[in-house]
Amino acid sequence: MPCKSDERSAWRCEFPILDQEVNGKPLVYLDSAASSQKPRVVLDTMDFYYRMDNANVHRGVHALGQRSTEAYDNARAVVAKHLNAVHTDEIVFTKGCTEAVNLVAASWGQANLKPGDVVLCSMAEHHANLVPWQLAAEKTGATVKPVPIHDDGQLDWDAYLALLNENPVKMVAIKHVCNTLGTVYPVKEVVSEAHRVGALVTVDGAQAVPHRPVDVQDIGADFYILAGHKAFGPMGVGALYGRLPLLRAMPPYQGGGDMIRTVSFDGTTFREPPNRFEAGTPNVAGVVGLAAALEWLASQDFDRIEVHEQDLLASATEALEEIPGVRVLGKSPGKASVISFVTDFAHPHDIATILDSEGVAVRAGHHCCMPLMGRLRVPATVRASFAMYNDNKDKEVLIQAVAKARRIFS
Amino acid sequence: MPCKSDERSAWRCEFPILDQEVNGKPLVYLDSAASSQKPRVVLDTMDFYYRMDNANVHRGVHALGQRSTEAYDNARAVVAKHLNAVHTDEIVFTKGCTEAVNLVAASWGQANLKPGDVVLCSMAEHHANLVPWQLAAEKTGATVKPVPIHDDGQLDWDAYLALLNENPVKMVAIKHVCNTLGTVYPVKEVVSEAHRVGALVTVDGAQAVPHRPVDVQDIGADFYILAGHKAFGPMGVGALYGRLPLLRAMPPYQGGGDMIRTVSFDGTTFREPPNRFEAGTPNVAGVVGLAAALEWLASQDFDRIEVHEQDLLASATEALEEIPGVRVLGKSPGKASVISFVTDFAHPHDIATILDSEGVAVRAGHHCCMPLMGRLRVPATVRASFAMYNDNKDKEVLIQAVAKARRIFS
Amino acid sequence: MLEELYRETILDHGRKPRNSGHLEAATHKADGWNPLCGDQIRLFLIVQDDTITDIKFEGCGCAISQASTSLMTETVKGMKVVDALALFEKFHAMVVDGTVDELDGLECLAGVREFPARIKCATLGWHALRSALAGEEAASTE
Amino acid sequence: MLEELYRETILDHGRKPRNSGHLEAATHKADGWNPLCGDQIRLFLIVQDDTITDIKFEGCGCAISQASTSLMTETVKGMKVVDALALFEKFHAMVVDGTVDELDGLECLAGVREFPARIKCATLGWHALRSALAGEEAASTE
Ligand SMILES: Cc1ncc(COP(=O)(O)O)c(C=O)c1O
Ligand SMILES: Cc1ncc(COP(=O)(O)O)c(C=O)c1O
């Protein structure tokens with residue numbers, strides 16, 4: 001299904017939502033870091049599931065229940081393969097990235113954190129990979145300490161090593177790719193240093209999966225987390241990868257159906273992972289949609305996606321910086337196609353409103369990274385994030401719209 | 001859109017999935033208590049959402065973000081209205097019924113349960129409204145005690161009153177309608193007796209919402225819980241109703257984006273309910289689908305649904321009992337259209353397999369009610385559950401298939 | 001539509017907010033917080049004999065919240081408390097429902113109505129005002 | 001298809017399981033648990049000189065799990081442990097992949113293959129056997 005116009009991104013035509021006008025202008029969607037759009041195959045797969053197979057899983061002997069169960073179990077294998085997990089059982093389905101971190105922080109945290117223990121979170125962490133650790137720390141008496149970052153968003157490596165050496169660190173929480181600045185963190189090296197001192201690492205891969213292949217074995221991550229809706233899949237579904245021996249030793253997180261072995265008022269016993277961590281009826285349609293998204297993604301040429309996105313990143317950054325008063329934040333080498341900028345002529349929200357009136361969807365705010373905003377000494381930024389379905393035309397409209405904002409406010 | 005054949009249920013044609021063959025026979029779906037099917041309007045609403053509006057909520061200034069936010073906030077109002085909540089803010093969206101109970105048990109439990117306190121759960125509780133309380137009790141030192149039931153599934157009222165009077169009861173967990181036997185519990189009376197001794201009540205409404213109008217103010221429930229996928233809505237979404245003063249006093253459950261006010265390494269502050277309890281990107285499409293389902297349901301004539309379902313229940317029960325060796329469990333007055341039965345000729349799983357070969361989808365097993373199975377002294381039951389889209393023809397195929405099972409095994 | 005939102009008066013107040021600063025002797029104060037963007041302002045008031053004799057605010061934010069708060073302070077300074085609260089209702093009706101009444105020059109903010117995502121920016125200062133007068137410490141547009 | 005599943009031999013073993021009961025003197029035992037239905041069996045073995053000299057089982061369940069376990073006990077009684085384990089592999093291959101080999105009369109269970117929801121019923125006793133021989137206390141078909 002090649003796109004009609006070869007001026008547009010080769011991927012664009014697979015995303016039906018992009019073909020619309022907002023505020024009388026063609027939609028330019030540059031907010032994929034907040035939520036990506038879904039290719040047709042994902043929408044069709046979910047719709048088909050509800051129209052043909054819908055049933056509860058792991059319970060029914062009947063045909064629909066069986067088809068649903070197969071689709072659900074197959075989806076787990078797809079995610080395991082996508083992340084290169086060793087065992088399928090290392091994948092736990094959750095309602096999203098945030099829940100996955102909460103699961104680890106609550107279950108692993110409760111069993112392993114003691115008063116005095118330290119959890120390190122980078123200053124760039126998304127609230128999703130910080131607040132759950134604060135809640136776990138509060139319950140266990142552990143302490144959450146920040147790992148400083150440099151002005152361009154990169155980890156302050158010396159500070160990180162010093163923190164590891166000087167504290168009883170039990171867990172390091174770090175993102176793989178920054179949703180605000182696009183910084184790619186050296187997670188493999190972060191893991192190997194952490195393991196050296198006996199600490200584990202939870203890698204928040206929400207923004208990595210949509211941009212690059214991920215190999216959890218190569219990274220060495222203890223826990224790795226992804227969000228369906230950021231990776232061209234549906235909302236309401238995410239996945240947690242956890243090394244099997246770790247998952248096996250963790251107590252249940254939520255209680256309910258399907259995670260139990262036997263229930264009685266005298267005492268209840270639990271199943272092995274991943275079931276132990278999947279209480280209640282799962283989001284089967286969501287999981288099936290996530291698998292469709294990852295299979296679609298895996299069938300694309302990641303090298304081509306990377307070249308395409310990096311071209312957009314470089315030319316958009318350059319063009320933005322040519323507009324007087326615009327400052328692009330966090331230009332670290334090798335970063336992903338996410339651009340945060342501030343201006344001396346308008347507040348990010350006002351810019352976003354002007355851009356919206358031109359059809360351009362960007363996000364303005366703290367991007368769920370308040371500590372990072374503090375570190376960069378800005379109250380908020382405008383963020384334009386590019387996915388493979390964006391193209392030069394999108395970029396040009398963005399640049400013209402920012403220039404227009406400047407004319408209005410100057 | 002009236003149905004073509006007036007021999008079939010008037011509601012049937014709105015459920016596209018029902019029009020298929022399985023194992024060479026027309027599908028007879030009698031497993032709605034496990035997961036209901038979805039009317040066309042629900043599927044179309046979700047698909048439309050993904051094809052036109054998909055974006056993150058509460059964050060974006062842009063058109064799609066705004067449309068998504070409006071749809072999400074509107075869905076909350078729809079649920080509040082459906083349950084007759086006082087405030088829209090009393091509705092918290094969750095990933096399902098099970099998560100909603102876990103939220104209450106963990107957050108309210110942690111803040112309110114002390115060693116020695118007692119939580120009462122009926123012996124008929126679904127694991128979803130029992131195991132979370134066991135986990136909470138384990139963490140707080142409280143005890144979970146069973147409220148006995150009679151042979152027909154009804155609550156042992158005298159025992160309930162005695163338990164309330166003789167124990168420091170802080171919480172009563174009870175279902176509104178039983179997923180296994182169809183028993184309707186007198187939740188209003190349960191609540192008023194509990195309140196008399198200062199205990200709160202969590203009502204599990206998963207099976208009530210699809211069958212009857214629900215009025216949380218009339219019931220007086222402190223917490224009331226529903227599951228999207230059992231109420232003709234999508235999977236991966238549920239809702240918790242909680243009285244506002246209770247929710248306001250509860251600590252956060254999960255941490256992450258959207259539930260915070262300010263985040264810093266020195267301390268994080270949280271938003272008011274419902275946001276405090278909705279960490280991370282919500283399942284917007286799911287929530288929008290749930291609202292479509294409840295609006296669809298509210299637009300139907302509940303009296304007609306009730307008459308239709310009760311006719312099916314009565315005639316199916318009668319016909320089943322005419323088959324030698326079949327025993328229908330839990331025939332309490334006024335019960336919902338859920339039939340559990342056992343036979344003296346075959347194990348429930350074998351029956352379910354025979355039924356499946358005839359196109360009939362039922363569930364066999366413990367229905368996530370192990371303590372109830374123990375109480376009824378059966379290892380498992382066959383359960384046929386009827387929704388408004390089932391009809392006499394479905395019932396007849398069921399009866400013939402059970403008779404066939406008898407022939408095979410006798 | 002955009003021109004209705006960013007009128008000259010608004011751009012001007014956005015760039016140079018009036019009554020910006022701190023009031024040591026404040027009798028009432030409150031923080032205003034907009035969950036959508038995280039914008040925060042702090043409002044200081046001196047109320048004597050049921051009259052707002054002085055008012056100032058601190059905090060940065062978008063042009064709409066700054067301009068709206070700036071215009072609000074100009075308008076309510078010298079007003080009776082009851083009149084200020086009544087004005088809040090009218091202002092709210094204007095930006096939310098589009099009911100434009102006589103509004104002491106605040107009509108220039110009527111365009112906000114077409115921008116639902118920005119209504120909370122326009123009402124932030126007013127929410128803080130109401131909280132401060134009610135003796136509460138914090139207001140949010142949640 | 002249904003006739004392939006519920007053959008006469010299976011119905012017969014399902015109704016009257018052989019080797020049902022308890023073995024006080026068991027040298028090995030294990031519980032088998034099927035998460036799909038909650039069915040549970042307990043298997044007792046006496047192993048002497050690497051040979052299964054006696055075997056019995058308790059627990060109720062569906063016709064398939066009862067018949068399969070009953071047939072299994074009949075077949076492995078008197079077998080060398082290694083041969084029993086090898087037979088497990090062949091049996092598993094038959095019900096999962098459909099590879100039918102010479103199987104000492106267990107071929108009558110080949111029909112299970114067409115009923116994916118019931119495969120775990122057919123392998124429950126075998127999983128328990130393997131666990132018992134491996135010295136584990138419990139097996140599950142998870
Ligand atoms: C009475 C009852 N409560 C709770 C649940 C759990 O719902 P869910 O699995 O959708 O979380 C169910 C359904 O399985 C149920 O029938
Ligand atoms: C880096 C990062 N981590 C975590 C999250 C949280 O994901 P979700 O809101 O889908 O749970 C996000 C997105 O908001 C993110 O960008």
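In this structure, A/Tyr29 and B/His62 have perpendicular ring planes: the angle between them is above 60°, well past the 30° mark.
Between chain B and the residues A/Met46, A/Gln66, A/Gln134, the largest count of heavy-atom pairs under 4.5 Å involves A/Gln134. Contact count versus chain B (heavy atoms, under 4.5 Å) is highest, among A/Asp47, A/Val22, A/Leu64, A/Val144, for A/Leu64. Comparing A/Val237, A/Thr268, A/Asp53 by heavy-atom pairs within less than 4.5 Å of chain B, the highest count is held by A/Thr268. The candidate with the highest count of non-hydrogen atom pairs below 4.5 Å against chain B, out of A/Met373, A/Met123, A/Lys230, A/Lys139, is A/Lys139. Looking only at heavy-atom pairs under 4.5 Å with chain B, the residue among A/Lys38, A/Arg67, A/Glu99, A/Gln110 that has the most is A/Glu99. Each of A/Ala34, A/Pro146, A/Pro16 has some count of heavy-atom pairs under 4.5 Å with chain B, and the biggest count is that of A/Pro146.
In this structure, the portions of B/Pro234 lying under 4.5 Å from any heavy atom of chain A include both its backbone and its side chain. Neither the backbone nor the side chain of A/Cys369 comes within contact range of chain B; no heavy atoms are under 4.5 Å apart. Contact of B/Leu130 with chain A is made through the side chain alone, with heavy-atom distances under 4.5 Å. Using a 4.5 Å cut-off between heavy atoms, B/Pro371 contacts chain A through both its backbone and its side chain. Of the atoms belonging to B/Ser264, it is backbone heavy atoms, and not side-chain ones, that fall under 4.5 Å from chain A. Both the backbone and the side chain of A/Thr262 come within contact range of chain B, judged by heavy atoms closer than 4.5 Å. Contacts between A/Leu43 and chain B at a heavy-atom distance below 4.5 Å involve backbone atoms as well as side-chain atoms. If you measure heavy-atom distances from B/Cys121 to chain A, the contacts under 4.5 Å come from both the backbone and the side chain. Using a 4.5 Å cut-off between heavy atoms, B/Asn54 contacts chain A through both its backbone and its side chain. Contact annotation for A/Leu27: only side-chain heavy atoms (C-beta onward) come within less than 4.5 Å of a heavy atom of chain B. Contact of A/Val101 with chain B is not made at all, since no heavy-atom distance falls under 4.5 Å.
Using modelled atom types, one side-chain atom of A/Asn102 and one backbone atom of B/Gly255 make a donor-acceptor pair closer than 3.5 Å. Between the side chain of B/Asn56 and the backbone N or O of A/Ser35 there is no donor-acceptor pair closer than 3.5 Å. Between the side chain of A/Asn283 and the backbone N or O of B/Gly286, no donor-acceptor pair lies under 3.5 Å. A side-chain donor-acceptor contact under 3.5 Å links A/Gln20 to the backbone of B/Met52.
Residues A/Tyr50 and B/Ile17 are not in side-chain contact: their nearest non-hydrogen atoms beyond the backbone lie 4.5 Å or more apart. Counting only heavy atoms from C-beta outward, the side chains of B/Tyr49 and A/Met235 approach each other to under 4.5 Å. A 4.5 Å side-chain heavy-atom check between B/Arg363 and A/Val61 finds every atom pair outside the cut-off. At a threshold of 4.5 Å between non-hydrogen side-chain atoms, the residues B/Met259 and A/His127 do not count as touching. For the pair A/Arg51 and B/Gln37, the minimum side-chain heavy-atom distance is 4.5 Å or more.
Under the 4.0 Å criterion applied to side-chain N and carboxylate O atoms, B/Lys145 and A/Asp266 are not assigned as salt-bridge partners.
Atom CD of B/Glu138 is surrounded by 12 or fewer heavy atoms from other residues, nucleotides or ligands within 6.0 Å.
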